[in-house]
Amino acid sequence: MKKRVFSGARPTARQHIGNLLGAIDNYVNLQKDYDCVYCIVDIHALTTLQDTAQIQNYIRELALDWLAAGLDPHKSIIFVQSHVPEVTELHTYLSMVTPLSWLLRVPTFKEKAKAQPDNVNYGLVGYPVLMASDIVLYKAEVVPVGEDQLPHLELTREIARRFNGLFGETFPEPKAKLTSFPNIPSLISSGKMSKSEAGSTIDIAHTAEETTARIMNAITDPARKFRKDPGHPEVCNIYTLHKYFTPAEKVEKIGVECRKAEIGCVDCKKLLSANMNEFLRPLREKRSELAARPEFIKEVLADGADRARVIARETIREVKQKMGLL
Ligand code: SF4
């Protein structure tokens with residue numbers, strides 16, 4: 001029997017090429033060897049999203065991005081977290097076995113509390129318990145994570161271990177499948193491409209024209225003020241992006257030509273946008289086809305929730321029995 005993988009993404013924006021080359025491509029590949037459960041974690045989004053008017057739109061956009069990139073509803077369970085309310089029930093049960101001190105020491109809680117001091121809600125503290133509930137509800141054994149998310153997964157393992165210790169072996173302790181996320185640079189700063197930095201991303205859903213416009217406006221080597229100035233490709237965001245979308249020998253040639261001022265930034269950017277648009281073209285075509293079939297997206301998510309619920313109900317029955325509630 002295949003091991004089960006669980007992973008989720010918050011519906012707070014459309015997915016960009018950083019998400020695609022990191023998480024989503026990985027999700028697609030995992031479908032070959034694992035029984036995959038992929039969840040649009042809308043309840044998690046509420047911990048930081050104060051304006052929920054767009055949440056249904058973001059859910060739909062995220063589902064479109066995933067399906068266009070190759071997530072296959074025949075192979076994977078794809079669903080929305082709140083459509084399987086058993087997760088909130090399990091969250092309550094697990095919160096009874098999770099010491100508050102474990103939650104208060106989580107670095108992301110401290111960061112978020114600092115970032116939104118007027119909205120340090122209870123859900124923010126309990127976030128890791130809800131995350132643990134997401135994973136163990138489906139008895140997932142494997143969770144794809146980046147190195148920075150390891151402490152969260154360790155907390156899930158500790159919660160599962162504690163429950164098993166108190167009530168008997170129930171949950172597998174999920175293992176991390178370490179995933180290296182490519183460092184896709186922002187178009188407008190020296191940081192990473194991020195949905196929280198407006199204008200920094202190329203989204204899967206952008207048109208070819210929008211992609212080209214964003215690339216043409218992107219920052220480059222700040223020391224290269226004029227066409228005649230030799231450039232420093234190693235500090236240039238555009239050069240880094242070429243490495244993902246342009247054949248290796250051509251990337252090397254650009255590097256040499258940039259250093260000798262034999263290529264200008266405009267031509268360099270035009271080449272990148274052509275290659276990126278060509279790479280994204282099939283995804284975007286598929287995405288447009290799917291977007292024209294809103295009923296199909298709803299069916300995929302409804303079917304995913306039905307299949308997830310079969311597993312979730314069984315787990316809740318077992319948990320309640322073990323805790324003496326049945
Ligand atoms: Fe960057 Fe290309 Fe301009 Fe060199 S030529 S600085 S690699 S955009």
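All figures in this text were calculated on a predicted structure; none of them were measured in a lab. Whatever order the structure lists ligands and atoms in, that order sets their numbers, starting from 1.
- A heavy-atom separation below 4.0 Å is not found between Gly231 and ligand 1.
- Residues Met131 and Thr156 are in side-chain contact: their nearest non-hydrogen atoms beyond the backbone lie under 4.5 Å apart.
- Under the side chain to side chain donor-acceptor pair (under 3.5 Å) test applied with Glu61, the options Gln54, Gln15, Arg287 reduce to a single match, Arg287.
- No donor-acceptor pair under 3.5 Å is formed between the side chain of Asn26 and the backbone N or O of Gly22.
- The distance from atom 4 (Fe) of ligand 1 to the nearest N/O/S atom of His232 is not under 2.8 Å.
- Heavy-atom contacts of Tyr239 reach the following atoms of ligand 1: 7 (S) (cutoff under 4.0 Å).
- Here is the list of ligand 1 atoms found below 4.0 Å of a heavy atom in Asp221: 6 (S).
- Below 4.0 Å from some heavy atom of Thr220 lie the following atoms of ligand 1, by number and element: 8 (S).
- Seen from the ring of Tyr34, Lys177 does not count as a face-on cation partner, given the 6.0 Å and 45° thresholds.
- Heavy-atom proximity to Arg224, at under 4.0 Å, picks out these atoms of ligand 1: 3 (Fe), 4 (Fe), 5 (S).
- Remark: aromatic rings of Phe79 and Tyr138 are close, center separation under 6.0 Å.
- The protein heavy-atom contact nearest to atom 3 (Fe) of ligand 1 is Cys265 SG, 2.3 Å.
- Of the possible polar contacts, none joining the Arg259 side chain to the His232 backbone as a donor-acceptor pair under 3.5 Å is found.
- When each atom of ligand 1 is checked for a heavy atom of Ile238 under 4.0 Å away, the hits are 8 (S).
- When each of Ile59, Val87, Ile40 is tested with Gln81 by the rule side-chain contact (heavy atoms from CB on, under 4.5 Å), just one qualifies, namely Val87.
- For atom 4 (Fe) of ligand 1, the candidate residues are Gly255, Gly264, Cys268, Cys258; the nearest heavy-atom contact is made by Cys258.
- Metal site remark for atom 3 (Fe) of ligand 1: Cys236 contributes no N, O or S atom at a distance under 2.8 Å.
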